[in-house]
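All values below were derived from every heavy atom in this structure, side-chain atoms included, with hydrogens, water molecules and symmetry-related copies excluded. We name chains A, B, ... by the order of the sequence lines, and we start the count at 1 in each one.
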Amino acid sequence: MQFEPRDQFEQRQKKLEQIQQLGFDPFPREFRWTHTPPELVHAYSQSSAPELEANRRDVRVAGRIVSLRLMGKAGFAHLQGSGGRIQIYVKKDVVGEKGFELFHLLDLGDSVGVRGHLFRTRTNELSIFVEELSLLSKALLPLPEKWHGLTDVELRYRQRYLDLIANDASRQVFATRARIIQELRKFFDARGYIEVETPMMHPIPGGATARPFVTHHNTLDMDLYLRIAPELYLKRLTVGGFDRVYEINRNFRNEGISTQHNPEFTMLEFYEAYSNYRDLMDLNENLFALLATNITGSTTVKYGEYELDFAKFERLSMREAIIKYWPAQLQPVPALSEFSLPDDPAAIARRYNAWAKTAGAPYAAAKGNLTPGEWTGLLFETIAEDKLIQPTILFDFPIDISPLSKQKADDPSLVERFEIYVAGMEIANGFSELNDPAEQERRFLAQIAEGGDESPKRLDVDYIQALCYGMPPTAGEGIGIDRLTMLLTDSKSIRDVILFPLLRPELPESQSDPPAADPSGKA
RNA sequence: GGACCGGUAGCUCAAUGGUAGAGCAGCUGACUCUUAAUCAGCGGGUUGCAGGUUCGAGUCCUGCCCGGUCCA
């Protein structure tokens with residue numbers, strides 16, 4: 001075992017041995033504490049020095065040493081734990097010869113426990129007057145610099161534990177993420193939903209259009225796919241009579257990595273029988289306003305340069321969004337009716353692209369031949385998506401890009417589907433679920449016929465069979481938890497809200513070298 | 001995949017093509033109310049990797065690795 005910086009690592013190991021020689025266990029098994037550091041700071045913030053002296057408070061506190069000021073026969077340190085820190089004062093007279101020797105052998109980063117009583121220093125800082133000091137765990141490697149913390153983003157992701165120790169803001173993000181998930185559970189539990197867990201390994205990947213990760217089960221000798229979405233299993237449960245179900249769990253998509261994409265990401269999916277997509281739109285407006293208020297204290301949330309207002313959602317059809325954000329320099333603006341004839345979306349795209357080339361605007365680049373609905377979707381992504389900053393419900397999707405949604409009664413080229421966009425990001429996707437097994441089979445077969453990496457290879461007969469037993473009219477939705485957390489924590493990269501985002505592994509050479517004889521002659 | 005930016009001590013950062021530095025952390029010593037403790041002294045580098053240009057490269061060129069941002 002040998003890590004950089006070698007000199008400090010060895011120095012700390014030497015101290016560890018000295019601590020053992022004093023008779024202390026450098027890695028004891030437990031410490032009984034009465035308060036966390038932030039609990040004390042909060043509970044006694046108003047207690048004056050005379051009050052604390054008159055009414056002695058005995059406490060036992062554990063934490064990591066994050067600052068250390070030694071002065072001859074006394075010293076101060078700050079203990080950090082549970083997201084707060086408190087100062088301790090250690091005096092040789094009080095802790096004794098051995099206790100003070102231990103204090104001198106401590107380093108920044110060590111975990112310690114103290115027993116003592118509260119007092120205030122001359123500068124009025126609430127502190128613990130230590131009567132007994134225990135080492136709880138020796139840190140053999142030094143912490144990042146105390147003043148600037150850890151700023152190297154690569155190190156923050158690779159060694160998240162250091163980021164969490166050094167950067168309180170990072171700790172806060174993940175604490176907030178946990179509260180968001182708690183709030184979501186409360187919201188759905190209160191509405192009579194039950195939480196379920198469905199398979200992460202699927203024999204046929206389904207429920208989304210994405211390239212899956214493949215793995216293999218040896219005993220059954222079968223390939224399995226890490227799920228790209230839980231959708232088809234959750235809908236089997238609505239067939240089974242779970243009329244309101246939700247699941248919060250990971251999805252896996254074998255695709256690119258960006259500030260908005262991680263190959264594994266967390267999704268909330270929920271299904272509600274006897275409701276349609278309009279009901280879910282209303283539910284979302286309530287949910288987002290409530291979440292924003294409970295998490296940030298207000299329905300208006302700062303995100304980068306924007307003030308997002310979750311109290312009001314704009315509702316736009318996909319076609320309306322394209323028209324609304326159609327470039328002003330390119331006239332005439334297409335009319336709504338121009339999207340309905342089979343050849344027209346492609347024609348609109350051609351006209352847009354011809355202009356985009358000369359204007360240097362984003363290009364609606366199609367891979368292969370697109371159907372009219374695919375053209376409409378592509379036009380939306382190219383022209384409008386990144387303009388949807390304020391919370392927006394985008395609805396009326398083309399059927400061609402919505403294989404699991406129910407058609408609109410008055411226009412079978414469209415489906416009862418919506419997505420929620422905030423800060424130019426897709427946050428949620430919901431629809432009235434297609435529950436006609438014959439129509440679902442036709443759509444699956446069309447997908448398979450189209451081929452490609454992102455299409456299913458086999459018909460999910462089992463799912464069609466489930467629909468044949470009758471699925472009630474149902475509305476369902478998925479909400480991306482990572483992106484939602486980004487919005488509510490003002491984070492601009494998904495990696496800042498995922499504890500351990502996927503990174504390319506470091507070159508192994510640096511740490512696998514056996515320690516050789518030192519050729520430099522130093523030592 | 002492409003463009004641009006970055007990688008220097010454990011951490012945070014300097015260094016016209018001309019002797020690789022500072023602060024923090026570390027080590028030795030002093031100090032019984034400090035708090036970015038202070039004071040005196042000391043050690044610490046394959047400048048991401050491999051080539052090239054040059055009398056001389058952290059700096060310029062080429063390739064590669066890792067990361068970031070934007071685009072596809």
Side-chain angles (χ1 to χ4, degrees), chain A residues 2-15 18 49 65-80 85-97 99-100 103-110 119-130 139-159 162-163 165-167 255-261 304 353 356 360-367 378 381-382 385-386 424 492-496 501-511 513 516 518-520 522-523:
Chain A
Q2 185 62 262
F3 294 95
E4 296 293 327
R6 208 172 268 215
D7 57 337
Q8 296 193 41
F9 188 76
E10 285 166 359
Q11 185 61 42
R12 283 170 181 238
Q13 262 178 329
K14 211 174 292 169
K15 288 183 181 176
Q18 289 174 281
I65 296 177
V66 290
S67 74
L68 193 55
R69 295 173 293 283
L70 265 151
M71 304 165 303
K73 302 188 179 66
F76 290 89
H78 275 97
L79 298 193
Q80 175 173 296
R85 45 178 71 178
I86 187 154
Q87 183 170 257
I88 64 170
Y89 180 46
V90 181
K91 251 172 113 166
K92 189 172 181 181
D93 299 352
V94 181
V95 298
E97 191 82 32
F100 204 69
F103 187 52
H104 265 261
L105 289 168
L106 294 181
D107 287 301
L108 290 177
D110 287 355
F119 77 111
R120 281 190 184 274
T121 62
R122 274 176 209 156
T123 52
N124 210 34
E125 177 167 351
L126 182 71
S127 307
I128 300 173
F129 192 93
V130 175
L140 295 173
L141 288 169
L143 296 182
E145 200 239 5
K146 63 183 173 187
W147 193 242
H148 301 90
L150 188 66
T151 61
D152 183 312
V153 284
E154 187 175 353
L155 283 184
R156 288 185 46 228
Y157 299 149
R158 288 197 195 278
Q159 294 182 277
L162 293 182
D163 181 38
I165 292 168
N167 300 319
E255 291 168 353
I257 294 175
S258 77
T259 49
Q260 292 176 41
H261 299 85
N353 279 337
Y363 196 76
K367 309 177 239 172
L378 182 62
E381 286 171 23
T382 309
E385 180 171 8
D386 63 342
K492 67 181 197 308
S493 170
I494 199 169
R495 290 179 214 101
D496 293 327
L502 185 67
L503 298 178
R504 209 180 290 270
E506 280 179 296
L507 293 175
E509 56 186 5
S510 60
Q511 301 208 339
D513 285 345
D518 190 344
S520 67
K522 60 189 179 201

request  = Give none if C39(B) has no partner; otherwise give the nucleotide forming a Watson-Crick or G-U wobble pair with it, both distances under 3.5 Å.
outcome  = G29(B)

query = If you measure from the Lys or Arg side-chain nitrogens to the Asp or Glu carboxylate oxygens, is any gap between K92(A) and E97(A) under 4.0 Å?
reply = yes

ask   = The side chain of K91(A) lies closest to which of these nucleotides: A72(B), U32(B), C11(B)?
value = U32(B)

task = Taking only the side-chain heavy atoms of E154(A) (C-beta and beyond), determine which of C70(B), C31(B), G67(B) contains the nearest atom.
result = G67(B)

request  = Have a look at K492(A) and say if it touches a base, only the backbone sugar-phosphate, or nothing, with a 4.0 Å heavy-atom cut-off.
outcome  = nothing

ask   = Taking atom types as they are modelled, is there a donor-acceptor pair under 3.5 Å from the base of U34(B) to the side chain of Q87(A)?
value = yes

task = Looking at every strand, decide which applies to F9(A) at a 4.0 Å heavy-atom threshold: base, sugar-phosphate, or nothing.
result = nothing

request  = Among the candidates C11(B), U32(B), A36(B), find the nucleotide nearest to the side-chain atoms of M71(A).
outcome  = U32(B)

Under 3.5 Å donor-acceptor, R120(A) side chain and S127(A) backbone = no

remark   = The residue, I257(A) or Q8(A), whose nearest nucleotide of RNA chain B is more 5′ is Q8(A)

task = Among V90(A), L79(A), I86(A), find the one that has a side chain to side chain contact (heavy atoms under 4.5 Å, CB included) with I128(A).
result = I86(A)

query = Should the pair R6(A)-E10(A) be classified as a salt bridge under the 4.0 Å nitrogen-to-oxygen rule?
reply = no

request  = Could you check whether T259(A) gets within reach of a base, just the sugar-phosphate, or nothing at all, counting any heavy atom under 4.0 Å?
outcome  = sugar-phosphate

query = What is the distance from CD of E385(A) to P of A72(B), rounded to the nearest Å?
reply = 11 Å

message = Closest approach to the side chain of Y157(A), judged atom by atom: which nucleotide of A25(B), U12(B), G68(B) is it?
response = G68(B)

message = Can a donor-acceptor pair be found, under 3.5 Å and without considering hydrogens, that links the side chain of Q159(A) to the backbone of L162(A)?
response = no

ask   = For G149(A), which contact category applies under a 4.0 Å heavy-atom criterion: base, sugar-phosphate, or nothing?
value = sugar-phosphate

inquiry  = Taking the minimum atom-to-atom distance to the side chain of W147(A), which one of A37(B), A36(B), G68(B) wins?
reply    = A36(B)

Identified pairing partner of G56(B), criterion: Watson-Crick or G-U wobble below 3.5 Å = none

Side chain of F76(A) (C-beta onward), nearest among A37(B), C33(B), U69(B) = C33(B)

query = When you measure from the side chain of D7(A), which nucleotide among U69(B), G43(B), U32(B) comes out closest?
reply = G43(B)

remark   = Under a 3.5 Å limit on both distances, the Watson-Crick or wobble mate of U69(B) is A3(B)

inquiry  = Need one value for F129(A): base, sugar-phosphate or nothing, where a base atom within 4.0 Å counts as base even if backbone is also close, heavy atoms only.
reply    = nothing

key: For U62(B), the Watson-Crick or wobble counterpart (both distances under 3.5 Å)   = A50(B)

R504(A) side-chain proximity, nearest of C27(B), U34(B), G67(B) = G67(B)

query = With a 4.0 Å cut-off on heavy atoms, is D152(A) in touch with a base, just the backbone sugar-phosphate, or nothing at all?
reply = sugar-phosphate

ask   = Where the side chain of A365(A) is concerned, which of A72(B), C11(B), G43(B) is the nearest nucleotide?
value = A72(B)

ask   = Closest to the K15(A) side chain: U32(B), G26(B), A25(B)?
value = G26(B)

inquiry  = Parallel, tilted or perpendicular, judged at 30° and 60°: which one describes the rings of F76(A) and Y89(A)?
reply    = parallel

task = Spell out yes or no: do the side chain of T151(A) and the base of U12(B) have one donor N/O and one acceptor N/O closer than 3.5 Å?
result = no

key: Strand partner of G45(B), provided both Watson-Crick or wobble distances fall under 3.5 Å   = none

ask   = With a non-hydrogen cut-off below 4.0 angstrom, is R156(A) in contact with a base, only sugar-phosphate, or nothing?
value = nothing

ask   = At under 4.0 Å between heavy atoms, what does R158(A) touch on the DNA or RNA strands: base, sugar-phosphate, or nothing?
value = sugar-phosphate

Pairwise P distance for A15(B) and U28(B), with rounding to whole Å = 34 Å

query = With a non-hydrogen cut-off below 4.0 angstrom, is L70(A) in contact with a base, only sugar-phosphate, or nothing?
reply = base

ask   = Measuring from D107(A):CG to Q11(A):CD, what's the distance to the nearest 0.5 Å?
value = 8.0 Å

key: Sugar-phosphate, base or nothing in reach of L108(A), heavy atoms under 4.0 Å   = sugar-phosphate

task = Report the base-pairing partner of G10(B) (Watson-Crick or G-U wobble, both distances below 3.5 angstrom), or none.
result = C24(B)

message = Taking any heavy-atom pair under 4.0 Å as a contact, classify Q11(A): base, sugar-phosphate, or nothing.
response = sugar-phosphate

